[in-house]
Amino acid sequence: MEDDEEEPPLAVQIAEEKIVAASPPNGDVSVGVTVITGYLGSGKSTLVNYILSSQHGKRIAVILNEFGEEIGVERAMINEADGNGGAIVEEWVELANGCICCTVKHSLVQALEQLVQRKERLDHILLETTGLANPAPLASVLWLDDQLESAVKLDSIIAVVDAKNLRFQLSERRSSSSFPEAFLQIAFADVVILNKVDLVSPEGSGGVLEELEKEIHNINSLASIIRSVRCQVDLPKILNCRAYDATHAAHLEALLEESHSLSTKDIHDSSVRTLCICEPRQVDLDKVRLWLEEILWDKKYGMDVYRCKGVLSVQNCDQLHTLQAVREIYEIVPARKWKGEENQINKIVFIGHNLKGDVLNNSFSTCATS
């Protein structure tokens, strides 16, 4: 039987031959950061342990933060290197497969800055969010933070869920005003690792697992799901996803080709779900920004939006624009030219609580040009 959590190997004998770091693709100097979330016992540490001990040929840094919820993300983002607190980041430990590991107690930004200043080029950075139920504030800082000066970039958010206990975790406090952590972690995720599938379906029968995947997609229909045993997954499926890269519009262009509805029903008392709206007419970009800010900032319609993704057809412009939002922070940028055969439609997907389809559709239609 699998242990609930494994301690990552903080002291491993270093091999004499060092792995040569790969050159950054397309001249990109930024290093991708993947945020790993999950319940205690879901397998986060097992995933980290797997990455730190596998011979994958990549130089990956793993940051195990310990600042926890009580200190607060805002405090954790403060660079206190010159203060009286002394060294905040503990010694980096190099592992046999070329990866490095450290524990961060306070300043994540300082740890990231130290990482990118190291002599050896890194391929990727993993951040295990021990003690943080909600990855949104952390994701916002990594996504659009000036202090990091594009040295690192948010690549994706991964939620590790326990196939055996997921239903119970989603049912917790369903009748109260607060949400189980599992809802928030799935809602913000780009990839969900459905771990410990062998404990649910030993013979590999998919019935129970398909129901669990349906449950996950009812919360977040945009997330991709990977089944795993002991979090042994193909690294290309969870690294370099470029989920927040506006120049990599492929993950959003799929919205244009989506044949089935991305919207899901309010199947839970907590009403965390996905909702998709469409508008065939071109839109006024300034009106879209005002509309979005009223929803995200002012909570004008009483909706709590966690994530937002979309493609926009903008008035007097031949460029496909992509829209992304995490909580109150959003970005709208041109991605590429529309292709001649494409249906130039506006499609926006919301993931959140108390979403109102009619209100979103009607209010967004006021942004359309006549």
Side-chain angles (χ1 to χ4, degrees), residues 6-15 17-25 28-38 44-67 76-77 79 81 87-132 135 138-139 141-143 145 147-158 160 190-191 231 233-245:
E6 291 184 1
E7 290 295 329
L10 293 178
V12 178
Q13 185 176 356
I14 301 174
E17 292 186 4
K18 300 290 183 70
I19 294 175
V20 179
S23 300
D28 189 358
V29 296
S30 299
V31 180
V33 179
T34 296
V35 177
I36 303 174
T37 67
K44 295 194 308 298
S45 294
T46 304
L47 176 62
V48 170
N49 188 56
Y50 172 68
I51 293 170
L52 289 180
S53 58
S54 299
Q55 296 299 326
H56 41 61
K58 293 185 178 295
R59 191 169 181 84
I60 299 174
V62 176
I63 299 176
L64 310 174
N65 83 66
E66 293 183 352
F67 48 76
M77 293 301 126
N79 192 332
I88 298 171
V89 181
E90 295 181 0
E91 182 180 358
W92 294 94
V93 177
E94 186 165 1
L95 305 180
N97 65 351
C99 293
I100 56 178
C101 184
C102 85
T103 298
V104 179
K105 293 187 180 298
H106 295 290
S107 176
L108 174 63
V109 167
Q110 184 192 0
L112 292 171
E113 288 174 342
Q114 284 187 6
L115 266 180
V116 297
Q117 290 168 4
R118 288 173 66 91
K119 183 178 180 180
E120 304 89 352
R121 163 77 190 184
L122 289 171
D123 294 308
H124 210 81
I125 299 172
L126 294 180
L127 173 61
E128 184 191 352
T129 56
T130 304
L132 272 184
L138 191 58
V141 169
L142 290 171
W143 181 24
D145 185 61
Q147 185 176 345
L148 293 172
E149 298 178 344
S150 300
V152 299
K153 61 186 178 184
L154 179 61
D155 183 66
S156 64
I157 299 173
I158 295 176
V160 183
D190 301 291
V191 179
C231 277
V233 299
D234 293 334
L235 291 189
K237 292 183 178 180
I238 62 172
L239 302 182
N240 298 320
C241 297
R242 300 173 68 185
Y244 292 83
D245 186 350

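For the atom pair OG of S30 and CG of D155, the computed distance is 11.0 Å after rounding to the nearest 0.5 Å. For the atom pair CD1 of I158 and SG of C241, the computed distance is 6.0 Å after rounding to the nearest 0.5 Å. Within the model, atoms CG of N240 and OG of S156 stand 9.0 Å from one another, a figure rounded to the nearest 0.5 Å. Here the CG atom belonging to L126 is positioned 5.5 Å from the CD1 atom belonging to I60, to the nearest 0.5 angstrom. One finds the CD1 atom of I125 at 9.0 Å from the CG atom of L142 (value rounded to the nearest 0.5 Å).
Scanning both residues, A139 and L154, for their nearest heavy atoms gives O-CD2, 3.6 Å.
You'll find the side chain of W143 stays beyond 4.5 Å of the side chain of V33, heavy atoms only. Within the 4.5 Å cutoff, side-chain heavy atoms of L47 are placed close to those of I238.
Under a 3.5 Å cut-off, the side chain of K44 and the backbone N or O of G38 do form a donor-acceptor pair.
With sequence neighbours left out, the side chain to side chain donor-acceptor pair (under 3.5 Å) criterion links T34 to H124. The salt bridge (charged side-chain N to carboxylate O under 4.0 Å, His left out) check on D190 picks up R307, K309, with sequence neighbours excluded.
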